[in-house]
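Comments concern the structure below.
Order of appearance sets the numbers: ligands from 1, and atoms from 1 within every ligand.
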Amino acid sequence: MAEQIQENYKKVRETIDETCKRIGRKPEEVTLIAVSKTKPLSDIEKLIEIDVNEFGENKPQELRDKFDNVNTPVRFHMIGHLQTNKIKYIINKAVLIHSVDSIKLAQAIEKEAAKKDIQVDVLIEVNYAEEDSKFGVKKEEAVNLIKEIASSFRHIHIRGLMTIAPFVENPEENRPVFQGMHQLLLDIKSQNIDNVDMSILSMGMTNDYIVAVEEGATMVRVGTAIFGERDYNLT
Ligand SMILES: *Cc1c(COP(=O)(O)O)cnc(C)c1O
């Protein structure tokens with residue numbers, strides 16, 4: 001089983017590399033985040049054995065506990081919705097917060113970051129397809145939110161955009177979402193907003209990461225294809 005996880009990771013990485021080559025991108029432009037949420041520390045450590053360094057978690061306490069207990073330091077990304085009262089758990093532990101979608105959340109991050117005198121890298125989460133079930137700012141509102149955060153909070157550094165595309169049978173259905181996100185990133189980048197760099201585009205999961213890479217993702221977040229199905233009935 002442990003070796004299976006390593007094989008799965010290599011397979012996903014190879015698929016990304018091949019996709020990049022096929023469309024003329026450099027494989028090193030795409031970071032693969034192994035989404036380890038709900039999975040035990042031992043699964044993470046199996047990947048550390050083969051030098052994997054980027055992991056994704058969606059629950060603040062779980063990120064904190066894994067960060068504190070893992071046998072070798074690695075980079076943990078906060079990819080899930082964040083409540084303001086839980087920022088303190090991850091503020092100096094997550095390398096990147098992918099899910100900033102309101103001024104209120106940014107303000108709370110600013111407050112915790114200022115206390116620790118650190119600079120926090122974040123992405124703005126966009127609910128591109130405007131699904132009721134999802135967090136994220138509407139695409140039309142992204143620029144204004146970014147301008148407001150960038151001008152108000154000096155402990156926050158906006159590095160790019162993130163989206164969770166709809167769950168679809170055929171990943172091709174999400175191509176317009178990924179294309180639209182890439183265009184939005186370029187549009188915002190062209191505005192050269194102070195204290196904002198639009199260098200990261202976080203999109204693509206197990207079901208649709210190939211299409212996301214084809215459309216310009218620089219970070220893909222893959223869980224199931226690496227660690228297997230998640231069992232939420234444990235514990
Ligand atoms: C769980 C999760 C993923 C990974 O999903 P898979 O379909 O298992 O690859 C990616 N991004 C976010 C925000 C998640 O919560």
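- A salt bridge does not link E125 to K134: none of the charged nitrogens lies less than 4.0 Å from a carboxylate oxygen.
- In terms of modelled atom types and a separation under 3.5 Å, the side chain of E54 and the main chain of H77 share no donor-acceptor contact.
- Without hydrogens or angle criteria, N207 side chain to V168 main chain gives a donor-acceptor distance under 3.5 Å.
- Looking only at atom types and distance, the side chain of S36 has a donor-acceptor partner in the side chain of E57 under 3.5 Å away.
- One finds no salt bridge joining E18 and R22 here, because no Lys/Arg side-chain nitrogen approaches an Asp/Glu carboxylate oxygen to under 4.0 Å.
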Enumerate the pairs of nitrogen or oxygen atoms, one from ligand 1 and one from the protein, separated by less than 3.5 angstrom; state names and distance to 0.1 Å.
{"from": "ligand 1", "atom 1": "8 (O)", "to": "T224", "atom 2": "N", "distance (Å)": "2.8"}
{"from": "ligand 1", "atom 1": "8 (O)", "to": "T224", "atom 2": "OG1", "distance (Å)": "2.5"}
{"from": "ligand 1", "atom 1": "8 (O)", "to": "R230", "atom 2": "NH1", "distance (Å)": "2.9"}
{"from": "ligand 1", "atom 1": "8 (O)", "to": "R230", "atom 2": "NH2", "distance (Å)": "3.1"}
{"from": "ligand 1", "atom 1": "9 (O)", "to": "T206", "atom 2": "N", "distance (Å)": "3.0"}
{"from": "ligand 1", "atom 1": "9 (O)", "to": "T206", "atom 2": "OG1", "distance (Å)": "2.5"}
{"from": "ligand 1", "atom 1": "9 (O)", "to": "G223", "atom 2": "N", "distance (Å)": "2.8"}
{"from": "ligand 1", "atom 1": "11 (N)", "to": "R221", "atom 2": "NE", "distance (Å)": "2.8"}
{"from": "ligand 1", "atom 1": "15 (O)", "to": "K37", "atom 2": "NZ", "distance (Å)": "2.7"}

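- A salt bridge between E130 and K139 is present, with a side-chain N of the basic residue lying under 4.0 Å from a carboxylate O of the acidic one.
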